[in-house]
Amino acid sequence: MRGSASTGPAMKLNIKDLSLKEFEAYLGGRKQPPYRARQIWQWLFQKRATSFCEMTNVSGSLREWLTQDFSISRLSVIREAVAVDGTVKYLFALGDGQRVESVLIPEAERLTLCISTQVGCAFGCGFCATALLGWQRNLTASEILDQILDAARLAPAERRITHVVLMGMGEPLANYGETVKALEIITDTSWGIGISPRRVTVSSVGLVPQIQKLMEDTRVNLAISLHAPTDEVRGRLMPINRKYNLKQLLECCRSLPIPRRKRITFEYVLMRGVNDSVEDARRLCDLLQGIRCKVNAIPFNPHDGSPYERPRAAEVERFQQVLYARGVQVNVRRARGDDIQAACGQLQGEGLVAAKGGHRRTAEAR
Ligand code: SAH
């Protein structure tokens, strides 16, 4: 259990940092039945209570104890940017002044929220803006959950968030404990936020042991950042490939207990002249043979800290055609919110890159 991350005196625990089990244990110490924990969780995560006084089916004395021992956090919004396509980027301040971003993506049938799991990131992928920040710290479960609760509160026209993707800043599986604690609350329909695990996706840089564990511990969808079909190119783009190479990663994928109707998503950021050739596409098909999967091809989103370029539309199309022809399911992801730097991999907390001396794109690299 951790101290309050966002509000309240330092001695109080942030109640949203506890798992249901931990909270049941606390209530046990107060001679309260376990079902009370679920009642209070419903107040927090379904009715979105902001104080214990609101919890009218909880006895007065218990409300007093709770008020003494716990705080209920809320993130403060520093900036809210709305893109022409309706995408909204929220810049949130955490209790210690660190900042994270979440992106709300409205579509006809769904409202997806993309959330962060760490401040910065330690994995150093060469094309990613968050990498320039380095790793600052892990988010607590409450900070992961509050992005959803606070974005829902701020969402235009009070639309309900239907999908959550852990594809913002950071590597979810390098913050395993807090991420899984948050996922349990996000996906529980009887006392939690109630978004079905079929509508929740965790994206990983490719941490093999943690991927295996996630598939045992949860029923959420898995996305893996692949980005290149050879160890040579992937190793250059993603330092993690030196620890878990393509063979290890794909063997892991082959052996995962993925239910029949589900597929693993492979993310593949297309960078001009780096990984977007016909040969690359063919090799990718070879690699993925026998894995029930789909490929999300993401044309690279340029940012100041990176020398890479987005391929032309015809090059993206050519890549996609090779996959089609080989029967590999492929979607090309349209950049959303790129006019507000909310597109994939651009979530670096404005101003922070410059403050940290992140390398700017040079004239030669353009
Ligand atoms: N750490 C997780 C989540 C990170 S971000 C992971 O690595 O999967 C989600 C996706 O955005 C990843 O696939 C990441 O590689 C991709 N991405 C990062 N920078 C990008 C950029 N500039 N353009 C397009 N996609 C990018």
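For ligands, and for the atoms within them, numbers begin at 1 and follow the listed sequence. All figures in this text were calculated on a predicted structure; none of them were measured in a lab.
The nearest non-hydrogen atom to atom 6 (C) of ligand 1, considering only Ser225, Cys125, Ser306, comes from Ser225.
Contact analysis leaves Cys121 out of contact with ligand 1, as no non-hydrogen atom separation drops below 4.0 angstrom. Assignment of Ala129 to the shell around ligand 1 is not supported, since no heavy atom sits closer than 4.0 Å. Residue His227 places a heavy atom less than 4.0 Å from ligand 1.
Surrounding CZ of Arg198 are at most 12 heavy atoms belonging to other residues, nucleotides or ligands under 6.0 Å away. With a 6.0 Å radius and a threshold of 12 heavy atoms from other residues, nucleotides or ligands, Lys21 has its NZ atom at or below the threshold.
A salt bridge links Asp146 and Lys16; the closest N-O separation between the charged side-chain nitrogens and carboxylate oxygens is under 4.0 Å. Electrostatic pairing of Arg333 and Glu267 counts as a salt bridge here, judged by a charged N lying under 4.0 Å from a carboxylate O.
Taking a cut-off of under 4.0 Å to the non-hydrogen atoms of Gly168, the atoms of ligand 1 that pass are 4 (C), 5 (S). Less than 4.0 angstrom separates some heavy atom of Cys128 from each of these atoms of ligand 1: 18 (C), 19 (N).
Taking CE from Met169 and OG from Ser116, the interatomic distance works out to 5.5 Å, rounded to the nearest 0.5 Å. Of the inter-residue distances, the one linking Thr117 atom OG1 with Glu171 atom CD reads 7.0 Å to the nearest 0.5 angstrom.
With a 4.0 Å cut-off on non-hydrogen atoms, Phe127 touches ligand 1 through its backbone as well as its side chain. Looking at Glu267 against ligand 1, only its side chain comes within 4.0 Å, counting heavy atoms. Counting heavy atoms closer than 4.0 Å to ligand 1, residue Ser204 contributes backbone atoms (N, CA, C, O) but none from C-beta onward. The part of Val269 lying near ligand 1 is the side chain, judged by heavy-atom distances below 4.0 Å.
Every N/O-N/O distance between Met167 and ligand 1 stays at or above 3.5 Å.
The salt bridge (Lys or Arg N to Asp or Glu O under 4.0 Å) search around Asp339 returns none, not counting sequence neighbours.
Screening residues 284-294 for salt bridge (Lys or Arg N to Asp or Glu O under 4.0 Å) gives Asp286-Arg326 as the qualifying pairs, with residues at least two apart or on separate chains.
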